[in-house]
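Indexing begins at 1, ligand by ligand and atom by atom, following the structure's order. Worth saying up front: this structure is predicted, and the values here are computed from it rather than measured. Atom set for the values below is all heavy atoms of this structure, side chains included, hydrogens, waters and symmetry mates excluded.
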Amino acid sequence: MNKIPELFGCMVFDDKVMRARLSADVYRSLRNTMNKGKKLDLSVANAVADAMCEWAVENGATHFTHWFQPLTGITAEKHDSFITPAPDSHVIMEFSGSNLITGEPDASSFPSGGLRATFEARGYTAWDPTSYAFIKEKTLCIPTAFCSYGGEALDKKTPLLRSMEALNRQALRILKLFGHQDVKHVVTNVGPEQEYFLIDRDMYLKRKDLIYTGRTLFGAKPPKGQELDDHYYGAIKPRVKAFMEELDEELWKLGVYAKTEHNEVAPCQHELAPFYTTGNIAADHNQLTMEIMKKVARKHNLMCLLHEKPFAGVNGSGKHNNWSLATDTGINLLSPGETPYDNAQFLLFLVAVLKAVDEYQGLLRMSVASAGNDHRLGANEAPPAVVSLFLGDELTAVLEAIETDSPYAGTEKRRMRLGADVLPRFNRDTTDRNRTSPFAFTGNKFEFRMAGSSDSISGANIMINGAVAEALRQFADQLESCEGDFDTCLHDLIRDTVRRHKRILFNGNGYDDAWLREATEERGLLNLRTTPDALQMVLDPDNIEMLTRHRIFSEAEIRSRYEISMENYVRTVRIEALTMADMARKEILPAVIRYTGDLSASLNAQKAAVPELNCGYETRLIRKLSDLINGIDGAIGALEQSVAEAGGKDVTAQAFHIRDNVLSRMDELRALCDEAETVTAADYWPFPTYGDLLFGV
Ligand code: ADP
Ligand code: MG
């Protein structure tokens, strides 16, 4: 543990290893491919594959896999060993350039939303050389994109890379206008903060809801929840500490910059924040982080819950996506600069985000929509379902001054003239962090806080990148054709953009009902409360236009993803409903009936012993339990019927049926079962309670 620098990245075929193991020519070709997207020729690929294989075998690997991110939400891998038969019944360890560059997993069992007809079951994976290969469990993992034979993306990485490319293209146009001829590439930097719960594994295994759905579907509120606020940043318990130490170490080996670990708001809730890195690597690393979290937890007899809402009544988990734009020359484009000209450039990128978030609020909301996240957004613990942008008082005042051409009431009162005045320093205000804002500027980056904890961050980043690319494209078009003085054109563009899009700015409390009313009724912002509503946004013609214009998705890809996401929503809720019905019938009802039976036997025995006894409490309780038993039975029937009624419709209709009917039946069943829990003797309850789970580690 005291050798972290040596440990870090020891399982990664990174730049250091490449330099050491590749010839200068091969290294240069590979770097060209990585930095400039140049095609890799087979002789280079063969040389890289040889070096990779040798390195991997030395580090204990026996297999290799193309590691990809299909539309299931988790990563997929199919392992092949390195062995190749050699004469005399021997084997040699071998890995070829073509094995490195492409693979052909049978794609027929991955969701494609109709993109890949089953007769054309084969998809192919293609190496993403911008994300380093690594060894995980004796397997050399090669990060890859996953496509159909027609070239349609079947994964999350491909559109993410395309969106980064679109943003690069448009940002470079802007930077040229500011005279930055030296900048060759603009990338996004992303730091996703990952929240999660840790519970005891023995208890987990006693709950079918956790096993099948990742969240509790029943559970009466325990006497203590998170009301004392005594968990956030609290001292970390030894068992959790041991988990975090091992997690850090495993992640460091894989080159993941795990940086900050702390307790979160809810009991047994924690967070891990990595140091930020390039967008597509951050997405890969976040997938790895989730996987390693689960694996390490098991070793400590814990279970890591990544669900957005594992427990009702306490906070759920999200993923704050910290996002910024940087040049290959090391400039953060969202960092206010030192000179008036830098400031103008900063303000232009800032208002590009303003425009992007306003115009594509629906897509941003859509990008985080899932059955799990519906329990958080708008539930006064995560940002509301309404997208808005927080800039803080100081920047808002600057924009207002520009917009109204009035004096800026900052440190010194003066008119802001772009290209002439230096902006005040925007020291990040740590005292007044607005935690309720969905999209917040935090000094030199934006923090998108709506993403769910279990989701890939690719979806959110694809939409942010695309939306900002489109804003920059329009800006570049306008500025490139500017005929008069550039500064005046720039000033007018920024002023007009603020005027047009300021409705999305909101620095107040996002949980306030008054805000939701103002947002929707006065400002006309979207309030898409549930997944079926949010998902439909992607089919909006303007959104399709933007995504296809920048070649982030083809229209067929958009429609197929819409189908997959809707289907996923329907399936998720259906599994939850069926799990509830199963648990209620096979576990809860039998337990309550047994308790009622024992109570009745005891009541009879008491009356037999002393006939004039009143036994009022027992009688009332038996009556109440009996009512609950009947109620639960009825509620199970109603739920099952409502699930059955969803069948046969098209997927959109199913999703709306589920949202409008099945969810409320689930709530009704849960309320009755939770009430039964509160009146049933603890010994009889068939599985660990909220108190056990939340305070059991
Ligand atoms: P917190 O939000 O908890 O106060 P920080 O703001 O320090 O913590 O960092 C949160 C995350 O933001 C970390 O993952 C960090 O690496 C990332 N981050 C910091 N600067 C940037 C940046 N310029 N671009 C993208 N992510 C960043
Ligand atoms: Mg944060």
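Contact annotation: for K259 versus ligand 1, there are no heavy atoms closer than 4.0 Å.
Checking K445, R449, E447 against atom 5 (P) of ligand 1, the nearest heavy atom belongs to K445. Of the candidates A273, P274, G191, it is P274 that places a heavy atom closest to atom 13 (C) of ligand 1.
An N or O contact shorter than 3.5 Å is missing between W323 and ligand 1 by distance.
By the 4.0 Å heavy-atom criterion, N332 is counted among the residues contacting ligand 1.
Other residues, nucleotides and ligands contribute only 12 or fewer heavy atoms inside 6.0 Å of the CZ atom of R298. Within a 6.0 Å sphere centred on NZ of K224, other residues, nucleotides and ligands contribute more than 12 heavy atoms.
Partners of H285 by ring pair (Phe, Tyr, Trp, His ring centres under 6.0 Å), not counting sequence neighbours: none found.
Atoms of ligand 1 found under 4.0 Å from any heavy atom of F275 (numbered from 1 in listed order, with element): 16 (O).
The salt bridge (Lys or Arg N to Asp or Glu O under 4.0 Å) pairs that include a residue from residues 369-379 are R365-D374, where partners are two or more places apart or lie in different chains.
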Query raised in the report: Stepwise, does the side-chain hydrogen bond (donor to acceptor under 3.5 Å, both in side chains) test hold for N286 with Q194?
Result: CA-CA 8 Å; N286 182 247; Q194 175 73 48; 3.0 Å; yes

